[in-house]
Structure formats: structure tokens, C-alpha cells
Amino acid sequence: MSINILGIESSCDDTSAAVISDGVIKSNLIANQEVHKKYGGVVPELASRAHQQNIIPVVDAAIKQAGMQASDITAVAFTRGPGLLGSLLVGTSFAKGFALAQNIPLIEVNHLQGHVLAHFIKETPDDTNQPGFPFLCLLVSGGNSQLIVVKSPLEMDVVGATIDDAAGEAFDKCAKVMDLPYPGGPIVDKLAKEGDPTKIKLSKPRIDGYDYSFSGLKTSFLYHIRDNMKLNPNYIEENKTHLCAALQQTIIEILMEKVHKLLKDTGIKELAVAGGVSANSGLRDALTAYGQKHKVKVHIPKFSYTTDNAAMIAITGHFRFLKGEFASHDITPLARFEI
Ligand code: KG4
């Protein structure tokens with residue numbers, strides 16, 4: 001009998017449902033919430049309401065696309081946190097209802113662990129393109145920037161983290177200063193391709209150990225723009241591509257310095273990247289080049305598994321199912337949830 005896991009993700013502004021059968025992807029659907037675009041960021045209240053609207057149709061479609069019926073599902077895995085509480089409540093309550101109705105196990109998933117384990121989603125049953133243990137995972141998203149040593153699917157040690165802003169936050173906040181729409185990361189990525197990163201010098205933090213900091217970079221970006229706008233009111237318009245290129249290059253350098261230090265110190269030879277910022281083309285190129293130079297095996301996820309998705313929740317659910325790690329029905333979501 002196959003193990004068919006239904007995954008539910010509702011931690012932020014995307015409602016997603018996926019089915020994974022014996023570790024192989026069968027469906028992964030995402031309903032993006034357009035409603036936040038005009039506010040320049042996610043509005044929690046509106047996100048919860050949109051999840052409430054989307055969740056049943058999205059789950060329904062995911063099960064159908066997998067060629068299954070609700071009764072074929074072996075267990076339901078849901079994001080318990082971290083995330084927006086109102087949004088998490090929708091997914092949690094739905095998962096409980098589904099588990100009760102089908103009389104199947106309920107499995108809680110840490111969203112961050114899901115990002116890391118997205119590397120284990122198989123495209124076909126004989127897909128072997130997965131990291132070997134131990135590996136280092138650079139987890140970079142809108143809310144997190146962490147360096148994680150992964151010892152086995154469910155054994156992870158966070159050895160470094162941002163002490164202030166996350167890498168994605170740095171992209172988004174600096175993009176906002178340039179009046180670019182939310183989320184700024186993908187737009188900065190696009191504009192950076194046409195710019196020269198050496199034209200503008202931004203400051204890099206000096207933080208000991210494996211921790212990150214991005215708030216200094218944000219301030220340096222802000223001051224650079226303020227000072228230049230005094231001399232030339234069209235400064236942003238005329239230098240947008242260079243500003244984006246310099247910002248992106250600096251974020252990548254900050255990220256890669258600590259990755260290099262950690263790999264050197266531990267002797268780990270496999271490196272994976274996860275989270276929304278791993279969609280960044282400059283970071284992907286930098287990781288590939290690093291792997292070739294230092295003989296490190298680099299794992300870069302498919303685009304569809306980089307931003308929030310339920311496939312990563314389902315695969316984590318699969319590993320927990322194998323260990324018999326089930327949740328009880330009095331479980332509540334957690335806005336903050338460490339790996
Ligand atoms: O993991 P994710 O989807 O969700 C949360 O963190 O909630 O990450 C979203 C973040 C945003 O900050 C977004 O700007 C960033 O990932 N992002 C990117 C790119 N695509 C998404 N940042 C840089 N370059 C990209 N291509």
C-alpha cells in the first residue's frame with residue numbers, strides 16, 4: 001500500500017495543497033493572494049480570509065490532480081508554524097476536520113523544516129538527486145536567514161541565524177525605498193541583470209561566528225539614496241539597475257562568506273539552499289560557482305519548491321509518518337516555531 005500524504009500550507013499569503021505518494025510528487029497547487037499587492041506587504045486579516053475562501057477548492061483540486069479521492073489519503077500534514085496566526089488557524093482547523101472525516105492521522109510540520117526537506121521531493125520513483133547527510137542548508141526567506149546542519153531528515157541543528165532582518169526582508173525593504181512593488185526580491189533580481197554592481201558601494205556587517213545581520217545594509221542603502229537624491233532628484237530612476245545589482249551582490253556576498261566559513265570549519269561537502277530567496281538567479285549562480293571551485297556538491301531546488309508550497313509540507317509529513325510522529329487533535333498553531 002502506498003503512503004499518500006496530503007500537505008496543507010497556509011502560513012502566510014499563499015494557500016497551497018499537495019499530494020505526495022511514497023515520496024513522489026503527485027500534485028502541488030498554490031492559490032496566490034493578489035489582495036496584498038496594493039498594500040506593499042501582507043495584511044494578516046485579509047490573508048486569513050483569503051485562506052478561508054481558497055482552502056477547500058485548492059485541496060479538492062490537489063486530490064483530483066493526483067488522480068485520487070479523499071479516501072485514498074493515508075495522513076494529512078499541515079503547517080503548524082511559524083507564520084501568521086490567523087492564517088495558520090485556517091490550515092490547522094481544516095487539517096483536523098479532514099483527519100476526523102477520513103479517520104486518518106494528523107501530522108504537524110514546522111514550515112522551516114519543510115523548506116529544508118523540499119530537497120527530498122521525488123519527481124519520479126527512481127529520482128535519486130537528493131542531498132546526502134550531513135549537509136549544510138542555507139535557508140533564506142522573507143522571515144529567516146539560517147545556516148542549518150542537517151544530520152538526518154528530522155535531525156537539524158541551526159548553527160547560525162540573522163540577528164535582525166532576514167535576507168528576503170533586505171530585498172523587500174530596499175525595493176520599497178526605490179518604490180518597487182511588493183515583494184521586491186524578484187524585481188530586484190530582474191533589474192540587477194542590467195546593472196553594474198561595482199558602481200555603488202554598500203556596507204557589509206562584521207558579525208562573529210555564523211550569524212547574519214542585514215539591518216546595517218538596509219540603513220547604508222537608505223543613506224546612499226538619501227544623500228544622492230539631495231544632489232539629483234532623479235537619482236533612483238537613473239540608477240535603478242545599478243542600485244539593484246549592488247544590493248543583490250552585497251546580500252549574496254554576506255550570505256556566501258558565512259557558508260564558506262561553516263563548510264571550511266566542519267568539512268561538510270554538500271550544500272543545499274532553501275526558501276524564497278533561493279529563487280534569486282545571482283545567488284544560484286554564486287552557489288554553482290562556489291560548488292565548482294571548492295568541490296562541494298550543491299543542491300538548488302526547483303523554482304516551484306523555493307517559495308511557500310505544500311509539497312514541502314507533505315514530504316516532511318511523509319518522514320514523520322514513517323517515524324509514527326502524529327499530532328493530537330488539541331494541537332494549536334504557533335506563530336513562532338524553532339526548528
Ligand atoms: O520563503 P518565502 O516564499 O516566504 C516567506 O518568507 O514568507 O520567501 C519570500 C521572500 C520574499 O522576501 C521575496 O522577496 C523573496 O523571498 N524572493 C526573492 C526572489 N524571489 C522571492 N528574493 C530575491 N530574488 C528572487 N528572485
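In listed order, ligands and their atoms are each counted from 1. Just so you know, residue 1 is the first one in the sequence shown, and it goes up from there.
A cation-pi contact, defined as under 6.0 Å to the ring centre and within 45° of the axis, is absent between R226 and Y235.
Between E169 and K218 there is no salt bridge, since no side-chain N of the basic residue sits under 4.0 Å from a carboxylate O of the acidic one. Remark: K122 does not engage D126 in a salt bridge, criterion side-chain N to carboxylate O under 4.0 Å. Salt bridge status for E257 with K261: absent, with no side-chain N to carboxylate O gap under 4.0 Å.
In terms of protein heavy-atom proximity, atom 15 (C) of ligand 1 is nearest to V277 CG2, 4.0 Å. Annotation: atom 21 (C) of ligand 1 to nearest protein heavy atom, G276 O, 3.3 Å. Scanning the protein for heavy atoms near atom 10 (C) of ligand 1, the closest one is G142 N, 3.5 Å. Taking atom 24 (N) of ligand 1 as the reference point, the nearest protein heavy-atom neighbour is N280 ND2, 2.9 Å. The nearest protein atom to atom 7 (O) of ligand 1, hydrogens excluded, is given as D308 OD2, 3.9 Å; this is a heavy-atom distance. When only non-hydrogen protein atoms are considered, atom 22 (N) of ligand 1 lies nearest to G185 CA, 3.4 Å. Looking only at heavy atoms of the protein, atom 12 (O) of ligand 1 is closest to D172 OD2, 2.6 Å.
K240 is listed as a side-chain neighbour of L180, based on a closest heavy-atom distance under 4.5 Å. Residues K204 and T250 form a side-chain contact, since some pair of their non-hydrogen atoms from C-beta on lies under 4.5 Å apart.
Here is the list of ligand 1 atoms found below 4.0 Å of a heavy atom in P183: 14 (O). Within the listing of ligand 1, atoms 12 (O) sit less than 4.0 angstrom from a heavy atom of G168. Against a heavy-atom cut-off of under 4.0 Å, G143 is close to the following atoms of ligand 1: 6 (O).
Annotation: G275 places no N or O atom under 3.5 Å from an N or O atom of ligand 1; distance criterion only.
Between the side chain of T79 and the backbone N or O of S11, no donor-acceptor pair lies under 3.5 Å. The closest donor-acceptor contact from the side chain of D165 to the backbone of S213 lies at 3.5 Å or more, if one exists at all.
In D189, the part holding a heavy atom less than 4.0 Å from any atom of ligand 1 is the side chain. Contacts between T307 and ligand 1 below 4.0 angstrom, taking non-hydrogen atoms only, involve backbone and side chain alike. Contact annotation for H115 and ligand 1: only side-chain heavy atoms (C-beta onward) come within less than 4.0 Å of the ligand.
Residue D157 comes nearest to K151 through the heavy atom pair OD2-NZ, 2.8 Å, listed as atom of the first residue, atom of the second, then distance.
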